[in-house]
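All values below were derived from every heavy atom in this structure, side-chain atoms included, with hydrogens, water molecules and symmetry-related copies excluded. Numbered from 1 within each chain, the chains take letters A, B, ... in sequence-line order.
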Number of protein chains: 2
Amino acid sequence: MIYVSAMALTDICADCAVRDRALCGSLNDEELAALNMLGRRQKVARGETLIWAGDESIICGNLLSGVLKLAASTADGREQIVGLLYPADFIGRPYADVADFTVTALTDAELCFFPRKPFEQALEDHIQMERLLLQRTFAALDEARARMLMLGRKSAEEKLADFLLDMARRMGSSGCRATPDGPMTFDLPLTRGQIADVLGLTIETVSRQMTKLKAAGIIALPGGRAVTISDRQALEARTEAA
Amino acid sequence: MIYVSAMALTDICADCAVRDRALCGSLNDEELAALNMLGRRQKVARGETLIWAGDESIICGNLLSGVLKLAASTADGREQIVGLLYPADFIGRPYADVADFTVTALTDAELCFFPRKPFEQALEDHIQMERLLLQRTFAALDEARARMLMLGRKSAEEKLADFLLDMARRMGSSGCRATPDGPMTFDLPLTRGQIADVLGLTIETVSRQMTKLKAAGIIALPGGRAVTISDRQALEARTEAA
DNA sequence: AGCCGACATTGACTCCGGTCAAAGACATGC
DNA sequence: GCATGTCTTTGACCGGAGTCAATGTCGGCT
């Protein structure tokens, strides 16, 4: 699929990696060119924070590459990761003056952002895009609620199993999958501490559960951030208590 | 505010208690009359389930009176309440074929519902309503995420304090509030078991924490489902660990 | 009134996951 | 190579919340 632009110098969308998977996928070429004027690309380094909870909600955008975390925290520093953002996901909070969550890059990342107010105007002007955003927001809400069940009612073991299967699914494209049900290896974009913050556990508990799964021959930890799922069936079984 | 309708016999919106607070608030009288044709009012008794998780997503609607719960559960019967719905709140999941969560009445309730497909069409036809729904969905997402922090990172005591303050705010209108900061009494629409399901705790823990707050003179339990918040300051303090 | 079922409280005990602490791994830079 | 800092693993211990069980309270019904 090739997009040739008459305004190559400024057309940042032309080589967009998520051109048709992101919100912009709902726009035709002319509309895209207009939105183009508003947008800016930006690279962010791992660890960098894009949006701070409590700050004014200034920007919206799309994630092009990398993984971001969306986090909430208590006054005394406890943190809960309330969402992970992957390429083509929407970033930001339209229609609110203040951002409620902190957005931080877990890996080096690239994104395409717009000032919030003009972006809201663009939503009004492009019904299709607004409708797509509504659908995605509903999907995000479903996901958040599913995670509430996990946080409130699942054991550490179940949480870890859930998490690993979810990551396997999400990293599946970039990682390598031999056969649909055979062993599969991928790199986690999160540290143990960050996994703990996703699951509502501590680093130590995450580490112990990992070791337990390894001892049971269900996963292998080849080193670094890599994980191999050797027995997907068994892992799925641990998603629900015995 | 009085709405006189030329079609009094069928105009179920005329005496709608949430006429201008619900999604329909974005419609003018003609549009409302059209939507009217699609909608049906229904009363449901406490305990009745409107939508079952896993079933086809058939209806959408507005809550007129009462309180509903939105719940997820595990295969072995553990339940997590992922949201509470109050009058004027939107019910249902447009753009999905299957409902992911169970919706049940916690009190006797009345609602106004529409078949999902025609409702989706109505959203397309009435941009203002779609936009309002988008804004509400974002708000629901923020709320769900805030609750993730609570579920994942807060102690039983903090959860209870959070919950009571939230209920005080929500029941404030119907209950009685003497002075902004003085004692305030209201009825909880939930049993201890349901509170436990909201907070990711057990009945016993909820009960013990209630007793502890009562012993500390922060709340009183006059009987039935009633709660009196005698020392709001102290309750707010327990929202964050010592 | 008295019975019944649902809901709530309380107690005794257990255990999962948190806390504190000490070693390992591993990457990076000098 | 070695030093440094970050991340991970492992161990010992503790405590908050869950479990199991008994008792108490309330409202509804005949």
Side-chain angles (χ1 to χ4, degrees), chain A residues 45-47 74 76-80 104 106-108 150-164 187-216 219-227 238 241-242, chain B residues 45-47 74 76-80 104 106-108 150-164 187-216 219-227 238 241-242:
Chain A
R46 146 193 279 237
T74 61
D76 61 335
R78 285 169 285 172
E79 178 171 287
Q80 176 66 49
T104 305
L106 294 181
T107 64
D108 289 344
M150 190 203 69
L151 287 171
R153 293 303 187 197
K154 295 209 170 179
S155 69
E157 184 180 40
E158 293 171 299
K159 286 177 177 180
L160 236 296
D162 270 357
F163 175 79
L164 288 174
D187 277 306
L188 294 172
L190 296 86
T191 67
R192 294 287 184 271
Q194 288 159 349
I195 296 172
D197 286 341
V198 169
L199 302 179
L201 299 171
T202 59
I203 291 180
E204 295 92 326
T205 299
V206 170
S207 184
R208 275 188 259 267
Q209 293 295 332
M210 288 285 224
T211 305
K212 207 170 77 176
L213 288 174
K214 189 173 74 174
I219 63 169
L221 302 169
R225 295 268 165 86
V227 182
R238 302 202 177 204
Chain B
R46 146 193 280 239
T74 60
D76 60 336
R78 285 169 284 173
E79 178 170 288
Q80 176 66 49
T104 305
L106 294 181
T107 64
D108 289 345
M150 191 204 68
L151 288 171
R153 293 304 189 196
K154 294 207 171 181
S155 68
E157 183 180 41
E158 293 171 301
K159 286 177 177 180
L160 235 297
D162 269 358
F163 174 78
L164 289 174
D187 276 307
L188 294 173
L190 296 84
T191 67
R192 294 287 185 271
Q194 287 159 350
I195 296 172
D197 286 340
V198 170
L199 302 179
L201 298 172
T202 60
I203 291 181
E204 295 93 325
T205 300
V206 170
S207 185
R208 276 188 258 269
Q209 293 296 331
M210 289 285 225
T211 305
K212 207 170 77 175
L213 287 173
K214 189 173 74 173
I219 64 170
L221 302 170
R225 295 267 164 84
V227 182
R238 302 201 177 205

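Atom-to-atom, CG of A:Asp197 to C1' of D:dT8 comes out at 15 Å; the value is rounded to the nearest Å. C:dG18 atom P lies 10 Å from atom CD of A:Gln209, rounded to whole Å. Separating the CD atom of B:Glu204 from the P atom of C:dT9 is a distance of 11 Å, rounded to the nearest angstrom. Whole-Å rounding puts the B:Arg208 CZ to D:dA22 C1' distance at 13 Å. The CG atom of A:Leu201 sits 14 Å away from the P atom of C:dC16 (whole-angstrom rounding). Atom NZ in B:Lys212 sits roughly 16 Å away from atom C1' in C:dT9 (whole-Å rounding). Per the geometry, CE belonging to B:Met210 stands 7 Å off P belonging to C:dT9, to the nearest Å. Between B:Lys154 atom NZ and D:dG16 atom P there is a gap of 18 Å when expressed in whole angstrom units.
Contact annotation for B:Ser207: base contact, defined as any heavy-atom pair under 4.0 Å involving a base atom. As judged by a 4.0 angstrom heavy-atom cut-off over every strand, A:Gly200 is placed among residues touching the sugar-phosphate backbone only.
A distance of 8.5 Å separates CG in B:Leu151 from CD in A:Gln80, rounded to the nearest 0.5 Å. For the atom pair A:Thr202 OG1 and A:Ile195 CD1, the distance stands at 12.5 Å (nearest 0.5 Å). With rounding to the nearest 0.5 Å, the separation of CD in A:Gln209 from CG in A:Leu164 is 10.5 Å. A distance of 9.5 Å separates NZ of A:Lys159 from OG1 of A:Thr205, quoted to the nearest 0.5 Å.
Between A:Leu160 and A:Lys212, the closest side-chain pair of non-hydrogen atoms is not below 4.5 Å.
Comparing B:Arg46 and B:Lys214, the nucleotide of DNA chain C nearest to each residue sits closer to the 5' end for B:Arg46.
Under 4.0 angstrom from either OP1 or OP2 of C:dG18 there lies at least one side-chain N or O belonging to A:Thr205. Phosphate proximity of C:dT10 to B:Thr211: present, with a side-chain N or O under 4.0 Å from OP1 or OP2.
Side chain of B:Ala156, nearest nucleotide from C:dT9, D:dA17, C:dT19: D:dA17. With D:dT19, D:dT8, D:dT9 as the candidates, the nucleotide lying closest to the side chain of A:Thr191 is D:dT8.
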